[in-house]
Amino acid sequence: MAFFNHLARRSFAQSAAMANAIKNVTVIGSGLMGSGIAQVAAQTGHNVTMVDIDPVAVEKAQKRIGASIARVAKKKFGEGDDAAKFMNESMSHLKTSTDAVASVESADLVVEAIVENLKVKKELFSKLDGAAPAHTIFASNTSSIPIAKIAEATSRLDRFGGLHFFNPVPVMKLLEVVRIPETSDGTYEAMKGWGKAMGKVTVECKDTPGFIVNRLLVPYMFEAVRLVERGEASPRDVDTAMKLGAGHPMGPFELMDYVGLDTGKFIIDGWHADYPDEEIFKPSPMLEKLVADGKLGVKSGEGFYSYKK
Ligand SMILES: CCCCCCCCCCCCC[C@H](O)CC(=O)SCCNC(=O)CCNC(=O)[C@H](O)C(C)(C)COP(=O)(O)OP(=O)(O)OC[C@H]1O[C@@H](n2cnc3c(N)ncnc32)[C@H](O)[C@@H]1OP(=O)(O)O
Ligand SMILES: NC(=O)c1ccc[n+]([C@@H]2O[C@H](COP(=O)([O-])OP(=O)(O)OC[C@H]3O[C@@H](n4cnc5c(N)ncnc54)[C@H](O)[C@@H]3O)[C@@H](O)[C@H]2O)c1
């Protein structure tokens, strides 16, 4: 028994050591998720470079992070010097860039949170694979795309995995840590250890569709839309019912608006392509029209509901 305890202690020590080795973090994508991941990494003392292809998105992200850190600081320290110190120290760990290749030169970990599109993600990782140091771990925050499909664009399958955060990242405690068959034990332990260093509770996931949460949550959201499309209830009543009847903090329509209808469409289109005979994944006329009209939810000011002030 002592031998196995020794092994367990050594494995824990290894993962702690590897997680501690993750100091320089590059987050690619400064949207809803990338800005949240970058914020929490900065708040937890990592050296963070947040990158986006769109300079306007970077500027919006900095504003979003500033407002969010203020909420976190107020919640942790109330008003006063300690809150200001926390905010200043966190922001001091955060740099921004629009040059993805340069941003990974000294990265220990790259977390990708760009558009939910396999081709674009593969193009990005292929480009970064030649620029990042050999030891750098690559991870995708994808909601629905198989990690293995993204990883095949690189030569570092043993140092590739999924780190699936939840929205809003500063609040949601869960982190799904996904491995592909080639992910080394050291990489997996380092990713789990880093998740804990980020203040998250990690769960272990295989590279299956939707990992754990989205495998259950996305069909639920799909059914909510079908129910409304069949004229059986209004979005507002469905949301009220799920909040008061199932204790959810948000109803499905509020949540779809919150996560972004564009991301929702990317997911359903991807799963429909992969599973064409699955009725539930057939395109939704209601969602198609909203996205075509630029109504993407909170991020655009209107989705299923209007958020215009
Ligand atoms: C057929 C076609 C169908 C097509 C549709 C398919 C859709 C598919 C969509 C899937 C998308 C991908 C999903 C993704 O991969 C995985 C996810 O992320 S799923 C989403 C997970 N998140 C949730 O479920 C969020 C649920 N909501 C909540 O938890 C809460 O509502 C809230 C967001 C935390 C807000 O809380 P409220 O009480 O309502 O409001 P407050 O503003 O008071 O906030 C409470 C508390 O939290 C702090 N806080 C809130 N937001 C932030 C922030 N951004 N930064 C920092 N802190 C924040 C706030 O300070 C409050 O703290 P307090 O002061 O009260 O202690
Ligand atoms: N929205 C959510 O609730 C949520 C939750 C968990 C995971 N995810 C996943 O996270 C990823 C990002 O989702 P989001 O909601 O933050 O999207 P978003 O649209 O808010 O942000 C995406 C950002 O990526 C940038 N981008 C696109 N292509 C790029 C490139 N080649 N290089 C650099 N930047 C690029 C865009 O300019 C944009 O700012 C997706 O894979 C999504 O499935 C989303």
Side-chain angles (χ1 to χ4, degrees), residues 27-37 39-40 43 50-58 60-61 64-65 67-76 97-100 103 111-121 123-125 127-128 140-145 150 162-174 176 210-211 213-214 217-229 243 248-272 280-288 290-291 296-300 303-304:
V27 180
I28 313 275
S30 69
L32 291 180
M33 294 307 287
S35 59
I37 296 165
Q39 172 190 334
V40 174
Q43 285 175 187
M50 179 176 67
V51 180
D52 206 289
I53 202 166
D54 174 0
V56 174
V58 173
K60 280 185 184 170
R64 189 184 306 125
I65 290 172
S68 179
I69 286 190
R71 296 178 82 169
V72 174
K74 187 175 176 200
K75 196 168 172 177
K76 285 168 85 95
S97 172
T98 54
D99 183 345
S103 77
V111 183
E112 168 271 312
I114 69 172
V115 62
E116 185 72 340
N117 177 295
L118 176 59
K119 182 172 178 292
V120 179
K121 289 183 189 297
E123 283 167 356
L124 172 70
F125 276 116
K127 190 169 62 171
L128 300 183
S140 175
N141 181 55
T142 181
S143 300
S144 65
I145 299 171
I150 303 170
L163 287 170
H164 184 224
F165 289 87
F166 289 77
N167 188 0
V169 179
V171 177
M172 306 305 285
K173 295 300 285 179
L174 182 67
E176 291 181 326
F211 313 130
V213 173
N214 284 352
L217 180 72
V218 176
Y220 149 70
M221 289 168 139
F222 288 177
E223 280 299 335
V225 173
R226 306 296 188 209
L227 190 152
V228 169
E229 284 179 330
K243 286 189 285 187
H248 291 193
M250 280 176 166
F253 292 92
E254 290 169 324
L255 187 53
M256 282 183 269
D257 273 354
Y258 191 76
V259 301
L261 300 187
D262 49 343
T263 297
K265 178 171 165 31
F266 288 133
I267 292 169
I268 192 170
D269 289 350
W271 281 0
H272 178 52
I280 194 171
F281 297 147
K282 293 228 182 321
S284 151
M286 190 159 73
L287 180 72
E288 292 288 319
L290 284 167
V291 174
L296 308 181
V298 173
K299 64 167 65 169
S300 69
F304 290 106

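One-based numbering, in listed order, for ligands and for the atoms of each. Note that these values count all heavy atoms, side chains included, but never hydrogens, waters or copies made by symmetry.
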Item to complete: Please assess Asp99 against Val51 for the test side-chain contact (heavy atoms from CB on, under 4.5 Å), listing each intermediate value before the final yes or no.
Response: CA-CA 7 Å; Asp99 183 345; Val51 180; over 6 Å; no
Discussion item. Test of understanding: given a 4.0 Å heavy-atom threshold, classify the contact between His164 and ligand 2 as side chain, backbone, both, or neither.
Written reply: side chain
Item to complete: Please indicate whether any nitrogen or oxygen in Lys282 is less than 3.5 Å from any nitrogen or oxygen in ligand 1.
Response: no
Worksheet item: Among protein heavy atoms, which sits nearest to atom 6 (C) of ligand 2, and what does the distance come to when rounded to 0.1 Å?
Response: Phe165 O, 3.2 Å
Discussion item. Are any of the N/O atoms on Glu112, whether in the backbone or the side chain, positioned under 3.5 angstrom from an N/O atom of ligand 2?
Written reply: no
Worksheet item: Quick one: does Arg226 get an N or O within less than 3.5 Å of an N or O on ligand 1?
Response: no
Item to complete: Using atom types as modelled and distance alone, determine if a side-chain donor or acceptor of Glu116 lies under 3.5 Å from a backbone N or O of Ser143.
Response: yes
Discussion item. To check your reading of the model: name the closest protein heavy atom to atom 8 (N) of ligand 2, its residue, and the distance in Å.
Written reply: Ser143 OG, 3.1 Å
Discussion item. Please work out, at 4.0 Å between heavy atoms, whether the side chain, the backbone, both, or neither of Val120 comes within that distance of ligand 2.
Written reply: side chain
Worksheet item: Is atom 45 (C) of ligand 1 less than 4.0 angstrom from some protein heavy atom?
Response: no
Fill in: atom 58 (C) of ligand 1: the protein heavy-atom neighbour that sits closest, reported with distance to 0.1 Å
Val171 CG2, 3.3 Å
Item to complete: Would you mind telling me if ligand 2 is within reach of the side chain of Ile28, the backbone, both or neither, using heavy atoms under 4.0 Å?
Response: side chain
Worksheet item: Trp271 versus Ile280: any side-chain heavy-atom pair under 4.5 Å?
Response: no
Practice prompt. Report the member of Leu217, Asn167, Leu32, Ile65 with the shortest heavy-atom distance to atom 19 (S) of ligand 1.
Written response: Leu217
Worksheet, complete the sentence: If we number the atoms of ligand 2 from 1 as shown, the ones under 4.0 Å from a heavy atom of Asn167 are 1 (N), 2 (C), 3 (O)
Worksheet item: Sub-3.5 Å donor-acceptor pair from the side chain of Arg64 to the main-chain atoms of Gly31, do we have one?
Response: yes
Discussion item. For Phe125, is there any backbone N or O sitting under 3.5 Å from a side-chain donor or acceptor partner on Glu112?
Written reply: no
Worksheet item: Can you tell me how far CZ of Phe222 sits from CD1 of Ile267, rounded to the nearest 0.5 angstrom?
Response: 7.0 Å
Discussion item. Contact between Phe253 and Val228 at the side-chain level, heavy atoms closer than 4.5 Å - yes or no?
Written reply: yes
Response to the item:
Value for NZ (Lys282) from CD1 (Ile268), rounded to nearest 0.5 Å, stands at 10.0 Å
Item to complete: Give yes or no for whether the N/O distance cutoff of 3.5 Å, strictly under, is met between Ser143 and ligand 1.
Response: yes
Discussion item. Tell me the protein heavy atom at minimum distance from atom 10 (C) of ligand 1, and give that distance in Å.
Written reply: Ile267 CD1, 3.8 Å
Worksheet item: Identify the closest protein heavy atom to atom 18 (P) of ligand 2: which residue and atom is it, and at what distance?
Response: Lys299 NZ, 3.8 Å
Worksheet item: Going by the atom numbers of ligand 1, which of them fall below 4.0 Å from some non-hydrogen atom of Ile268?
Response: 1 (C), 2 (C)
Worksheet item: Counting from 1, what ligand 1 atoms have a heavy atom of Leu287 closer than 4.0 Å?
Response: 4 (C)
Worksheet item: Does a salt bridge link Glu229 with Arg226, judged by any charged N lying under 4.0 Å from a carboxylate O?
Response: yes
Discussion item. When you measure from the heavy atoms of His164 to every atom of ligand 1, does any distance fall below 4.0 Å?
Written reply: yes
Practice prompt. Using a 4.5 Å cut-off on heavy atoms from C-beta on, say whether the side chain of Ile53 contacts that of Thr98.
Written response: no
Worksheet entry | Rounded distance [0.5 Å steps], NE2 in His164 versus CG in Leu174 | 8.5 Å
Discussion item. Going by the closest heavy atom to atom 36 (C) of ligand 2, which one wins out of Leu32, Asp54, Asp52?
Written reply: Asp52
Worksheet item: Which residue supplies the protein heavy atom nearest to atom 21 (O) of ligand 2, what is that atom called, and how far is it?
Response: Gly31 CA, 3.3 Å
Discussion item. How far is atom 41 (O) of ligand 2 from the closest protein heavy atom, and which atom is that?
Written reply: Glu116 OE1, 2.6 Å
Worksheet, complete the sentence: Filtering Gly210, Pro249, Pro285, Pro252 for the heavy atom nearest atom 30 (C) of ligand 1 leaves Pro249
Worksheet item: Is the shortest heavy-atom distance from the side chain of Phe166 to the side chain of Val171 under 4.5 Å?
Response: no
Item to complete: Find all atoms of ligand 1 within a distance of less than 4.0 Å from any non-hydrogen atom belonging to Met221, and give their numbers and elements.
Response: 7 (C), 8 (C), 9 (C)
Worksheet entry | Candidate with minimal heavy-atom separation from atom 20 (C) of ligand 1, of Asn141, Val291, Leu255, Leu174 | Leu255
Worksheet item: Any heavy atom of Ala113 sitting closer than 4.0 Å to ligand 2?
Response: yes
Worksheet item: Quick one: does Ser103's side chain have a donor or acceptor within less than 3.5 Å of a partner on Ala100's backbone?
Response: yes
Fill in: Which residue and heavy atom of the protein sit nearest atom 10 (O) of ligand 2, plus the separation
Asn141 ND2, 3.0 Å
Fill in: Min N/O separation Val259 to ligand 2 under 3.5 Å
yes
Worksheet entry | Proximal atoms of ligand 2 relative to Ala57 (non-hydrogen, under 4.0 Å) | 39 (O)
Item to complete: May I ask you to test the Val40-Phe165 pair for a side-chain heavy-atom distance under 4.5 Å?
Response: no
Fill in: Distance, nearest 0.5 Å, that separates CG of Leu32 from CG of Asn167
5.5 Å
Worksheet entry | Enumerated ligand 1 atoms positioned under 4.0 Å from heavy atoms of Val225 | 1 (C), 3 (C)
Practice prompt. Measure the distances from the heavy atoms of Lys121 to every atom of ligand 2 and state whether one is below 4.0 angstrom.
Written response: yes
Worksheet item: Does the salt bridge (charged side-chain N to carboxylate O under 4.0 Å, His left out) test come out yes or no for Lys119 and Glu123, once each step is laid out?
Response: CA-CA 6 Å; Lys119 182 172 178 292; Glu123 283 167 356; 2.7 Å; yes
Practice prompt. For Thr142, counting its heavy atoms only, list the atoms of ligand 2 lying under 4.0 Å from any of them.
Written response: 41 (O)
Discussion item. Check whether Asp52 reaches the backbone of Val58 with its side chain - one donor and one acceptor, N or O, closer than 3.5 Å.
Written reply: no
Worksheet item: Is the shortest N/O to N/O distance between Ser284 and ligand 1 below 3.5 Å?
Response: no
Fill in: Val259/Met33 under side-chain contact (heavy atoms from CB on, under 4.5 Å): CA gap, chis, key distance, verdict
CA-CA 9 Å; Val259 301; Met33 294 307 287; over 6 Å; no
Practice prompt. May I ask you to identify the nearest protein heavy atom to atom 24 (O) of ligand 2, giving residue, atom name and distance to one decimal place in Å?
Written response: Ile114 CA, 3.5 Å
Worksheet item: ligand 2 and Met33, any nitrogen or oxygen pair closer than 3.5 angstrom?
Response: yes
Fill in: Verdict with reasoning, Lys299 to Asp262, per side-chain contact (heavy atoms from CB on, under 4.5 Å)
CA-CA 10 Å; Lys299 64 167 65 169; Asp262 49 343; 2.9 Å; yes
Worksheet item: Taking N or O atoms only and a 3.5 Å limit, does Arg71 qualify as a polar contact for ligand 1?
Response: yes
Response to the item:
Nearest non-hydrogen protein atom to atom 34 (N) of ligand 2, with distance, is Ile53 N, 3.3 Å
Worksheet item: Is the closest side-chain heavy-atom distance between Glu223 and Tyr220 below 4.5 Å?
Response: no
Worksheet item: Heavy-atom distance under 4.5 Å between the side chains of Phe211 and Thr142, does that happen here?
Response: yes
Worksheet, complete the sentence: Note: ligand 1 atoms sitting under 4.0 Å from heavy atoms of Tyr258 are 33 (C)
